[in-house]
Chemist: 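First the structure, then my questions, so here it is.
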Amino acid sequence: MELLWETTGWAGAVAILGAYLAVSMGWLKAGRRFQTANLLGACAFIVNGVFHEAWPSVVTNIAWFLISAVALVRMRAVSQTAAAVVEDPHVQFPGTPDSTGQLAVIDVLTRNVDDHIDRQRPRQ
């Protein structure tokens, strides 16, 4: 059973240090994955610290866990708010320039077809 608690502690160390390394090297943004790794690593350190009765470490990792948990909750709230915002569909009013470039393509294509039809008609 002691091996389980030691393995848990080492897994926590790998999670926290790996996340820190990934963010520091630019491999990962300080977002959900980073906070999740910190949260899980802190949980593992808490378990290991309780087993070893290392109370300063336990208290530090409880704070680490809470910081990550609050960050994840705030990220979730922001993403839900952003998902609720719906963009209005593009409306093209007659007589105004099209900013998407779609009308220009259609105009060129139809002009080419009209020119082709005009060339096919017999002249009188």
Side-chain angles (χ1 to χ4, degrees):
M1 195 65 155
E2 183 176 340
L3 180 63
L4 176 65
W5 307 130
E6 291 302 317
T7 304
T8 302
W10 284 108
V14 167
I16 289 175
L17 290 175
Y20 182 66
L21 174 69
V23 168
S24 297
M25 294 295 128
W27 304 330
L28 182 69
K29 290 184 179 179
R32 282 192 181 106
R33 290 181 186 176
F34 175 72
Q35 294 299 342
T36 301
N38 276 304
L39 185 126
L40 295 175
C43 287
F45 274 151
I46 291 167
V47 168
N48 184 271
V50 168
F51 175 76
H52 288 291
E53 297 180 3
W55 304 119
S57 177
V58 170
V59 170
T60 301
N61 283 290
I62 288 172
W64 197 275
F65 170 86
L66 291 173
I67 291 167
S68 296
V70 168
L72 283 167
V73 168
R74 291 178 76 188
M75 286 178 192
R76 184 174 181 183
V78 168
S79 69
Q80 286 176 346
T81 303
V85 175
V86 177
E87 288 187 30
D88 292 331
H90 177 74
V91 176
Q92 179 65 36
F93 295 103
T96 60
D98 180 27
S99 62
T100 64
Q102 294 173 0
L103 283 181
V105 172
I106 292 171
D107 189 40
V108 169
L109 291 175
T110 56
R111 192 175 322 126
N112 288 341
V113 170
D114 291 341
D115 291 344
H116 180 72
I117 291 172
D118 287 341
R119 278 187 256 136
Q120 299 296 323
R121 289 187 185 148
R123 295 188 179 173
Q124 296 177 347

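Scope of the values below: all heavy atoms of this structure, side chains included, with no hydrogens, waters or symmetry mates. Counting from 1, the numbers follow the sequence of the chain as shown.
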Chemist: What I'd like to find out is whether the side chain of L21 reaches to under 4.5 Å of the side chain of W27, using heavy atoms alone.
Modeler: yes
Chemist: If hydrophobic clusters are built by linking Ile, Leu, Val, Met, Phe, Trp and Tyr wherever their side-chain heavy atoms come under 4.5 Å apart, do W55 and F65 end up in the same one?
Modeler: yes
Chemist: Are the side chains of L39 and W64 in touch, meaning some heavy atoms are under 4.5 Å apart?
Modeler: no
Chemist: To the nearest 0.5 Å, tell me how far F51 CZ sits from E6 CD.
Modeler: 6.5 Å
Chemist: Distance from L72 atom CG to F34 atom CZ, nearest 0.5 Å?
Modeler: 10.5 Å
Chemist: For M75 and A30, work out which heavy atoms get closest and say how close.
Modeler: CE-O, 4.0 Å
Chemist: Do the non-hydrogen side-chain atoms of S57 and H52 ever get within less than 4.5 Å of each other?
Modeler: no
Chemist: Could you report the tightest heavy-atom contact between T8 and A44, atom names first, then the distance?
Modeler: O-CB, 3.1 Å
Chemist: Honestly curious: do V50 and I62 fall in one hydrophobic cluster under the side-chain, below-4.5 Å linking rule?
Modeler: yes
Chemist: When you measure from the side chain of S79 to the backbone of R76, do you find a donor-acceptor pair of N or O atoms at a distance under 3.5 Å?
Modeler: yes
Chemist: Any chance you could measure L40, atom CG, to F45, atom CZ, to the nearest 0.5 Å?
Modeler: 12.5 Å
Chemist: Identify the two heavy atoms, one from A15 and one from G41, that lie closest to each other, and give their separation to 0.1 Å.
Modeler: CB-CA, 4.0 Å
Chemist: Would you compute the distance between atom CG of L66 and atom CG of N61 and round it to the nearest 0.5 angstrom?
Modeler: 11.0 Å
